[in-house]
Amino acid sequence: MSDTYTLTMDDPIETSLLDTSAQGLIGKGLDRVDGPKKVSGQATYSAEYSFENGCYGFLVRAPFAVGRITKIDTQAAKALPGVIDVVTDFDRFIRNSAQGAVKSAPVQGVRDVAYFGEPVAIVVAEGYEQARDAASLVRIEHEAGSGNFDFAEAIADADIPPDGAAPATHDQGDLDKAMGDADATVDEVWTTPSQNSAAMEPHASVALWNDDGLTLYGSYQMPSFDRPSLADALGLETEQVRIITPYIGGGFGSKLGIAPESVAAAIASKQIGRPVKTVMTRQQVFDATVRRSNTRQRVRLAAGKDGKLTGIGHETHCSNLPDEVFFEPAGIATHFLYGGEHRRITHAIARLNRVLSGSMRAPGEAAGMLALECAMDELAERLGIDPVELRKINDCKRDPEKDIPYSSRSFTECLDEGAKRFGWDKRNRTPGKMREGEWLIGHGMSGSARGNQLQPSEARVVLRPDGSAIVETDMTDIGTGTYTILSQIAGELLGLPIDRVDVRLGDNRFPPGSGSGGSFGAGSSGSSVYLACEDIRRKLATAMDCEPSDLTLKDGEAIAANRRVSLSDIMSGEIEATGRIEPGDQGDEVRQAGHGAHFCAVRVNAVTGEVRIDRWTAVFAAGRILNEKTATSQCLGGVVFGIGAALTEELVHDPRNGKVVNRDLAEYHVPVHADVPHVDIRFLPERDTHANPLHAKGIGELGIAGAGAAVANAIANATGARVRDYPLTLDKLLDSLPPV
Ligand code: MOS
């Protein structure tokens with residue numbers, strides 16, 4: 001065992017080894033190292049693990065919304081062929097813990113059911129179809145309780161939660177007075193619906209026990225956080241649980257916390273003494289994992305004739321189950337994106353008996369900027385100022401609330417570069433007046449911003465004399481490119497070609513990584529690999545009898561002064577190092593965020609209201625870009641999410657019981673290829689010395705921030721009408737279309 005080399009980010013790191021190393025792997029648009037395995041079916045996903053003597057579990061869910069279960073009749077189910085057992089020890093089932101950071105999972109006694117479709121039992125059978133069939137025969141008796149299903153009504157009793165990812169409340173100055181004194185104001189309400197992450201891979205777990213405890217092959221974003229959650233739910237010590245999750249078919253937040261299928265599979269497996277595989281159906285994922293909350297957002301802007309904001313208000317109501325503390329932090333970017341002395345940013349939770357709400361890609365910004373960035377557009381219109389110009393006028397040098405500098409901020413540069421690439425100067429300037437036949441043409445833009453975070457993360461790196469290396473951490477790759485960028489970082493710092501680095505992820509046996517969430521994965525886990533490699537470089541420098549700064553490593557050779565030797569000549573055996581990054585004062589002393597700008601052109605059919613997107617340009621600045629290809633894919637995915645939020649995505653809840661009505665990918669509409677034009681994505685060169693030793697900021701959620709608002713603004717530009725109720729489906733546009 002080697003000592004852990006730890007860096008706490010208390011001070012900026014002025015020089016990154018990534019700028020002085022010689023291998024040349026960083027920044028390039030390299031292909032995914034896991035790509036061949038994935039396209040050839042050799043990457044094993046959770047549901048694909050099979051074990052001797054294994055069997056199948058199928059969740060049974062409450063067929064009512066609120067009430068107390070009085071009896072579960074399993075007789076008919078158990079009588080079916082192949083059925084092994086029906087496990088109704090449902091007190092120990094838990095809800096998907098919304099926040100990855102929740103270490104002790106909220107154990108819910110679901111003898112009391114809080115939402116329609118909450119899991120209450122699991123049928124175990126020899127075959128999947130047998131388990132599914134039997135589940136339909138489990139009869140549940142209950143005493144009905146009373147619940148809240150109406151958002152507007154529940155808002156009256158909304159409560160203010162404790163601070164979460166963002167402060168729940170920020171009051172500064174006197175916004176009402178600023179509104180009264182302003183030359184121009186906006187005071188409007190936007191609403192956004194519940195959404196589902198709609199990750200391609202449904203939640204799935206295979207549970208098996210041995211003398212050491214539980215091994216769970218599950219699809220989870222944060223194995224080092226999910227491990228204690230799962231242990232807690234099962235009454236085990238953390239060390240008695242091992243989560244293995246090497247490949248994940250998307251998560252977007254829905255796999256941050258453990259979902260019901262893992263606990264159910266674990267309990268059933270323990271009870272019957274066999275491995276149990278439980279794969280949620282698509283409908284179960286929609287019904288019983290986690291949603292993005294619907295919101296009602298009042299945005300107020302006050303400005304002088306010159307466009308300078310004097311006041312900014314963003315008051316959000318979201319919804320969640322009774323007792324849950326997670327709130328959709330829709331005002332999260334409003335805290336720092338624009339200046340203005342008088343500020344009021346608030347959040348409140350209306351209590352609804354709907355499936356749990358929690359984090360979904362860019363919790364906060366994704367919903368909040370749908371309102372804020374449209375409000376800015378409306379303000380620009382009222383002032384007669386170009387919307388790009390209005391944003392530049394309100395760009396700031398210091399955080400307007402904390403009065404601290406930004407770690408790095410190229411917001412204006414993104415706006416300028418995006419406007420230039422898009423041809424913003426040729427846009428339609430008069431709403432509703434540009435036409436091509438029956439199509440109205442519109443252009444819209446928005447700003448983008450997403451806070452950058454650092455999480456503790458650890459990795460072990462082993463360098464072998466043959467010029468190969470192994471990287472191990474329980475960090476995950478949820479489709480983002482973690483395998484690739486960690487290979488690049490280790491290869492770069494150890495002077496190895498990328499195919500000489502073997503990155504192993506997603507297993508609690510490895511050092512605890514940050515996991516994938518909050519756009520912190522690359523920066524956090526990448527830094528841990530960086531630090532381990534820095535430690536190894538020091539040891540190699542000693543062997544070369546030089547200072548680490550004088551050592552060059554390239555293609556398996558070490559070079560210092562006039563000496564060039566192969567690694568095998570100076571290494572007597574393997575060199576192992578463990579690196580660990582810890583957040584520190586830099587998290588508070590500077591405001592860290594990535595920034596960007598979206599520009600799009602849309603067509604709105606003047607007869608039907610159908611919206612098509614013709615063109616998209618987005619420019620981002622997020623510190624060093626580790627891999628241009630994977631980074632571009634992340635931002636492209638974010639833009640697609642934004643298009644979905646603007647035009648199609650909406651979880652519909654039955655007003656009688658909160659039940660999710662459209663619970664599959666046929667009825668819940670995410671954009672498909674035909675809905676998305678070519679998306680031109682660019683990154684500006686930027687370095688962030690405050691973020692981490694990589695000088696990179698997160699990009700997993702930056703692309704979605706503001707994207708939907710650009711669509712809404714383009715629609716307003718095309719039609720001359722402002723619709724503030726997302727998604728902007730054609731039925732909402734019909735009445736406001738100009739005469740044909
Ligand atoms: Mo993200 S919503 O932190 O996976």
Side-chain angles (χ1 to χ4, degrees), residues 96-103 164-166 192 194-201 203 218-226 229 245 247-259 285 289-293 295 318 320 324 326-330 332-333 355-370 449-457 475-482 505-506 513-525 583 592-594 622 630 633-635 637-638 640-642 644-645 649 651 670 697-705 707-708:
N96 183 327
S97 62
Q99 291 287 63
V102 174
K103 274 199 182 151
T192 67
S194 297
Q195 295 178 333
N196 185 280
S197 291
M200 191 86 81
E201 178 204 23
H203 296 58
S219 187
Y220 287 105
Q221 295 176 220
M222 312 259 294
S224 62
F225 290 86
D226 298 323
S229 278
T245 181
Y247 297 102
I248 299 160
F252 311 114
S254 72
K255 295 167 183 166
L256 282 173
I258 54 173
V285 171
T289 58
V290 65
R291 68 184 164 101
R292 188 201 296 283
S293 174
T295 69
C318 65
N320 209 343
E324 293 289 341
F326 176 85
F327 62 92
E328 180 69 33
I332 196 167
V355 58
L356 177 72
S357 65
S359 292
M360 176 171 145
R361 198 174 199 172
E365 293 91 343
M369 293 181 79
L370 290 173
R450 165 73 190 175
N452 183 63
Q453 305 171 49
L454 183 66
Q455 290 290 318
S457 201
M475 172 64 190
T476 51
D477 188 331
I478 60 173
T480 40
T482 312
L505 302 177
S514 63
S516 301
S519 300
F520 52 65
S524 306
S525 71
Q592 299 188 21
T630 55
S633 291
Q634 282 304 293
C635 290
V640 174
F641 261 65
E649 289 187 50
L651 271 191
V670 297
K697 292 184 285 193
I699 40 154
E701 294 161 310
L702 181 58
I704 190 176

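First listed ligand is number 1; within each ligand, the first listed atom is number 1. Sequence positions, counted from 1, serve as the residue numbers for this chain.
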Point to revise | Location of contacts on Pro363 toward ligand 1, heavy atoms closer than 4.0 Å | key: side chain

Practice item. Just say parallel, tilted or perpendicular for the rings of Phe641 and Phe252, cut-offs at 30° and 60°. Key: tilted

Point to revise | Between CZ on residue Arg450 and CD on residue Glu365, distance to nearest 0.5 Å | key: 4.5 Å

Check your understanding: Hey, is ligand 1 close enough to Gly518 that some N/O pair sits below 3.5 Å?
Key -> yes

Review point. Using heavy atoms and a threshold below 4.0 Å, how should the contact between Ile478 and ligand 1 be classified: side chain, backbone, both, or neither?
Key: neither

Revision key, fill the gap. So the atoms of ligand 1 within less than 4.0 Å of a heavy atom of Arg361 turn out to be 2 (S)

Practice item. Would you mind listing which atoms of ligand 1 come within a distance below 4.0 Å of any non-hydrogen atom of Met360? Key: 2 (S)

Practice item. Would you mind listing which atoms of ligand 1 come within a distance below 4.0 Å of any non-hydrogen atom of Ser359? Key: 2 (S)

Review point. When you measure from the side chain of Thr245 to the backbone N and O of Gly218, does any donor-acceptor pair fall under 3.5 Å?
Key: yes

Check your understanding: Do you know which of Ser516, Ser514, Ser224 makes side-chain contact (heavy atoms from CB on, under 4.5 Å) with Thr476?
Key -> Ser516

Check your understanding: Counting heavy atoms only, which part of Gln221 comes closer than 4.0 Å to ligand 1: side chain, backbone, both or neither?
Key -> side chain

Practice item. Look only at interatomic distance and state if Gly517 has a nitrogen or oxygen under 3.5 Å from any nitrogen or oxygen of ligand 1. Key: no

Review point. Hey, does the side chain of Arg292 reach the backbone of Arg361 with a donor-acceptor pair shorter than 3.5 angstrom?
Key: yes

Check your understanding: Can you list the atoms of ligand 1 that are under 4.0 Å from a heavy atom of Phe252?
Key -> 2 (S), 4 (O)

Practice item. Would you kindly specify which portion of Glu701 sits under 4.0 Å from ligand 1, judged on non-hydrogen atoms: side chain, backbone, both or neither? Key: side chain

Check your understanding: Between Val290 and Met360, is any pair of side-chain heavy atoms under 4.5 Å apart?
Key -> no

Point to revise | 4.5 Å side-chain heavy-atom contact, Ser357 and Glu324 | key: no

